[in-house]
Amino acid sequence: MKIKLQIKRFNPEKDRAPWWGKYEVDVEPNDRLLDALHEVKWRQDGTLAFRRSCAHGVCGSDAMKINGRNRLACKELVRNLSRTIVVEPLMGFRVLKDLIVDMEPFFKKYRQIHPYLVNEDPEEPGRERLQTPAERSRFEDTTKCILCAACTTACPSFWTNPDYVGPASIVQAHRFIFDSRDRAGAERLHILNESEGVWRCRTVFNCAEACPRGIDVPKAIAEVKRALVFKKI
Amino acid sequence: MYRGGVGQFSYLLHRVTGVGILLFLLVHIADTALICLGPGYYNRIMALYAHPVFKLSEVALFAAVLFHALNGIRVFLVDFWERGTVYHKKLFYLEAIVFFVVMVPVAYKMVGSFVLGSLF
């Protein structure tokens with residue numbers, strides 16, 4: 001089947017403003033949008049730039065705005081999209097080239113919430129830090145995040161205030177705050193209680209719809225808010 | 001433009017109604033402050049509000065306040081009711097129903113006779 005791709009192009013070294021590149025490609029219905037982008041890059045226009053790594057929905061490299069919504073190009077089958085597919089870079093980040101954005105501010109915020117297990121208690125020799133299935137299920141959902149930034153860049157609060165920590169970092173904080181083995185929950189909650197923290201969330205729910213891993217992002221954010229208000233993890 | 005859902009729509013409406021109410025409050029403070037200059041100025045500006053455009057604007061103001069208040073309750077429930085994030089869309093539809101149930105009789109009471117009188 002033939003499909004048309006309308007891709008927002010921008011090379012800051014050459015272009016004064018973004019422009020739309022229009023391409024027609026022949027694809028199989030079961031091909032993914034990523035395959036169509038490869039078709040353009042490999043056979044029609046080698047200057048097109050986009051990120052991708054695993055190409056199987058695990059690494060989160062190829063998050064982009066597809067027909068107005070954030071998606072992973074490697075998870076979208078062309079048969080489920082329109083015959084003309086509009087592809088744009090993620091919103092709210094500086095465009096480095098075409099569909100590649102500068103994600104450093106995103107990872108900076110991610111590092112701010114201490115995204116690792118903190119526990120200074122001495123370990124018993126030969127014994128792991130155990131937890132019950134119930135304790136584990138408390139943060140099961142938020143372990144699935146792949147840091148693709150689809151949620152954060154779908155959030156109007158982030159577009160209007162780039163300093164907002166964003167849904168992805170709150171999800172990552174949630175993963176450790178509610179881990180029974182972790183001891184730095186209060187510290188992370190303190191960080192998220194700052195003016196650019198969790199209270200910038202306006203319950204828009206774009207994050208939930210955008211997450212390619214199906215994480216219930218608003219639920220995680222609401223749990224963090226309740227933990228802050230009721231002082232209870 | 002991002003193709004968001006119900007949440008983005010309600011967020012946008014919440015913002016627009018919030019800014020609208022704020023603008024009204026600024027104008028209201030200014031017109032009330034005219035009393036400091038004397039009753040003549042104050043009465044003249046108050047007489048302006050009898051104009052049909054202002055009568056309809058009052059309905060719009062009530063609609064803005066009503067939506068903003070109802071949506072505020074919805075946002076509160078989403079944040080602090082454990083099942084709030086599950087039912088956020090249903091809460092919005094419930095909010096829309098309550099909005100119209102309240103809005104129709106209030107609008108009729110405010111401008112019904114004025115609008116119907118000009119039509120017939």
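Every chain is numbered from 1, with letters handed out A, B, ... down the list of sequences. Given the structure is predicted, the values throughout are model-derived calculations rather than measurements.
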More than 12 non-hydrogen atoms from neighbouring residues, nucleotides or ligands closer than 6.0 Å to CZ on Phe107(A), yes or no? yes
For the CD atom of Gln8(B) and the CZ atom of Phe205(A), what is their distance to the nearest 0.5 Å? 13.0 Å
When every non-hydrogen atom of Arg3(B) is compared with those of Asn67(A), the smallest separation belongs to NH1-O, 2.6 Å
Would a 4.5 Å heavy-atom cut-off, applied to side chains only, mark Glu223(A) and Glu82(B) as touching? no
Minimal heavy-atom distance between Asn206(A) and Gly4(B), with the atoms involved, is OD1-CA, 3.5 Å
Answer yes or no: does atom CZ of Phe80(B) have more than 12 heavy-atom neighbours from other residues, nucleotides or ligands under 6.0 Å? yes
Would you say that more than 12 heavy atoms from the other residues, nucleotides or ligands in this model lie under 6.0 Å from the CZ of Phe99(B), or not? yes
Whether over 12 other heavy atoms sit under 6.0 Å from Phe100(B) CZ: no
Does Lys219(A), at its NZ atom, have more than 12 non-hydrogen atoms belonging to other residues, nucleotides or ligands within less than 6.0 Å? no
Atom group of Arg83(B) that falls short of 4.5 Å from chain A, counting heavy atoms: neither
Just wondering, are more than 12 heavy atoms of other shown residues or ligands nearer than 6.0 Å to OH in Tyr49(B)? yes
How long is the span from the CD atom in Glu88(A) to the CE atom in Met1(B), to the nearest 0.5 Å? 12.0 Å
In terms of heavy-atom contacts, does NZ of Lys144(A) have more than 12 from other residues, nucleotides or ligands at under 6.0 Å? yes
Could you report the tightest heavy-atom contact between Tyr2(B) and Ala154(A), atom names first, then the distance? OH-CB, 3.4 Å
Under 4.5 Å from a heavy atom of chain B, the part of Lys65(A) involved: side chain
Write down the atom of Tyr11(B), the atom of Ser157(A), and the distance for their closest heavy-atom approach. OH-N, 4.4 Å
Separation between CZ (Arg202(A)) and NE2 (His14(B)), nearest 0.5 Å, reads 9.0 Å
Thr203(A), Val198(A), Val229(A) screened by side-chain contact (heavy atoms from CB on, under 4.5 Å) with Asp79(B), the one that passes: Thr203(A)
